[in-house]
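When a residue number appears, it is its place in the shown sequence, counting from 1.
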Amino acid sequence: DKSSHFRANVELLLQICEDAGCKATFFILGSVALEHPEVVRQIAKAGHEVASQGYGHQLAYKQTFSEFKEDVQKSADILQNLVGRKIFGYRAPSWSIIKENLHYLKALEELGFQYDASIFPVKTFLYGIPDAPTEIHHPLVNGRKLRLFEIPMSVMRLFGRNIGYSGGFYFRLLPTGLIKKVIRSGNVAGNISIVYLHPRELDPAEQRLTLPFLESFIQYHNVHGTQAKLEEVLRNFCFVSIAEHLSALRG
C-alpha cells in the first residue's frame, strides 16, 4: 500500500528531525495534500515549514506561464487551507526552472511567495543552470531584480564544475565523511548547506519501478543507507527551515 508507506516514511522523517532537534521545509504537492491532509497537518503541528511543490508534479518548463501560475496557486490554496497560514516558498518538480523559463519566477512574485528554491547551479541532462549564483540572492529577470529570494541548491566545486553533494541521489551516492566535510568547510566560509530528500528515500521496502539502468540507479542507489547517513549529518549540524533562515537574514 503506497499510502501506508508514505505516511510511515513521513512519520519516520519527523521522528528523525525531532531526535536531532532540527526543523525542515517540506515541499508538498497539492495533489498529495488532498490525499493526505492529516499528514500535512502533522508536519505543520510538529513546527516544520509547509511549502509548495505545485499541484500535479508537472515539469515547469513543459507548462505555459499561465498554466504554471495556475498550478502553483492551486497548490498554495490547498496547503494554506490545511495549515491555516500563508505559504511562503516554492520548489519546482525536478528542478524544472531553467534559463528558458526563468521568467516564471515572476508568477511566484505576483502570487506573493517570498522565495523560490527551484534552481540547481549544475548542468545535467534533465535540469540545471550551471552559471547561476550559488548564494541566496534576488534573481534578475528581464533586467529587474525580483523581490523574492532565490535559494539555490547547494553545490561543491570539483574539476572546475559545480556538483551536487547534499541531497537526493548525490546524498545517497557520496560518503558521509565527504558530505560532512563539505558542509563544514562551507559553514566556515559563512555559507549554508541544504540537505534534501524524498520520504521514499528512507524506505528500502518501497516497491520499485522497472526503469532503465541509469534511471533505476539514480532512483534507488543506496536507499538502505539513507536513514543512518541522514541521522549522522543531522547530529553534526544545526538545521532550520528555509523560512526561519530567511527571517534570521532579515534580522
Please find the pair of heavy atoms, one from [X] and one from [Y], that lie closest to each other, and give the distance.
| X | Y | value |
| --- | --- | --- |
| L14 | A46 | CD2-CB, 4.4 Å |
| A51 | I87 | CA-CG2, 3.8 Å |
| H224 | P204 | CA-CG, 3.7 Å |
| S118 | I97 | CB-CG1, 3.5 Å |
| L59 | P93 | CD2-O, 3.7 Å |
| I192 | N187 | CA-ND2, 4.2 Å |

Between the side chain of [X] and the main-chain N/O of [Y], is any donor-acceptor distance below 3.5 Å?
| X | Y | value |
| --- | --- | --- |
| S94 | S96 | no |
| E49 | A243 | yes |
| D19 | I16 | no |
| D71 | Y55 | yes |
| H138 | E150 | no |
| S52 | S75 | no |
| S166 | I194 | yes |
| N162 | P121 | yes |
| K229 | F171 | yes |
| H48 | I43 | no |

Margin query: How about CZ on R147, more than 12 heavy atoms from neighbouring residues, nucleotides or ligands closer than 6.0 Å, or not?
Written below: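 Open: at most 12 neighbouring heavy atoms sit under 6.0 Å from CZ of R147.
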Note to self: For K99, is the NZ atom crowded, meaning more than 12 foreign heavy atoms sit under 6.0 Å from it?
What the structure shows: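 At most 12 heavy atoms, drawn from other residues, nucleotides or ligands, come within 6.0 Å of this atom.
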Next item on the list: Give, for atom CZ of F113 and atom CG of L148, the distance between the pair rounded to the nearest 0.5 Å.
Entry: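 One finds 10.0 Å between CZ of F113 and CG of L148.
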Margin query: Nearest 0.5 angstrom please: Y127 OH to F120 CZ, how far?
Written below: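 Answer for the OH-CZ pair, Y127 versus F120, is 5.0 Å.
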Pairwise side-chain contact, [X] with [Y], heavy-atom cut-off 4.5 Å (strictly under):
| X | Y | answer |
| --- | --- | --- |
| F27 | I242 | yes |
| V122 | I163 | no |
| V39 | V32 | no |
| I136 | H245 | yes |
| Q219 | R208 | no |
| E38 | R7 | yes |
| H36 | I28 | no |
| W95 | T124 | no |

Next item on the list: Go through the steps to decide whether Q114 and K86 satisfy the test side-chain contact (heavy atoms from CB on, under 4.5 Å), and finish with yes or no.
Entry: CA-CA 10 Å; Q114 292 188 4; K86 186 162 177 57; over 6 Å; no
Checklist line | Partner residues of K74 under the salt bridge (charged side-chain N to carboxylate O under 4.0 Å, His left out) criterion, sequence neighbours left out | finding: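 If we apply the salt bridge (charged side-chain N to carboxylate O under 4.0 Å, His left out) test to K74, skipping adjacent residues, there are no hits.
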Next item on the list: Over 60° means perpendicular and under 30° means parallel, so classify the ring planes of F217 and H221, tilted if in between.
Entry: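 If you compare the ring of H221 with that of F217, the planes turn out tilted.
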Next item on the list: Classify the angle between the aromatic ring planes of F68 and Y104 as parallel (below 30°), tilted (30 to 60°) or perpendicular (above 60°).
Entry: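 Taking Y104 first and then F68, their aromatic rings sit tilted (interplane angle of 30° to 60°).
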Cluster question for you: counting only ILVMFWY and a side-chain heavy-atom cut-off of under 4.5 Å, with indirect links fine, are [X] and [Y] together?
| X | Y | value |
| --- | --- | --- |
| V83 | L34 | yes |
| V233 | V240 | no |
| F26 | F6 | yes |

Check: Salt bridge between E201 and R172, side-chain N to carboxylate O under 4.0 Å?
Finding: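 Salt bridge present between E201 and R172.
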Identify all side-chain donor-acceptor contacts of residues 175-184 below 3.5 Å with residues at least two apart in sequence or on another chain.
from : atom 1 : to   : atom 2 : distance (Å)
K180 : NZ     : E232 : OE2    : 2.6

Check: Between E231 and Q227, does any side-chain donor sit less than 3.5 Å from a side-chain acceptor?
Finding: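 Yes.
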Notebook entry, point to check: Cationic tip of R250 within the cone over F149's six-membered ring, i.e. under 6.0 Å and within 45° of the normal?
Noted result: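 Relative to the ring axis of F149, which defines the angle, R250 lies outside at least one limit.
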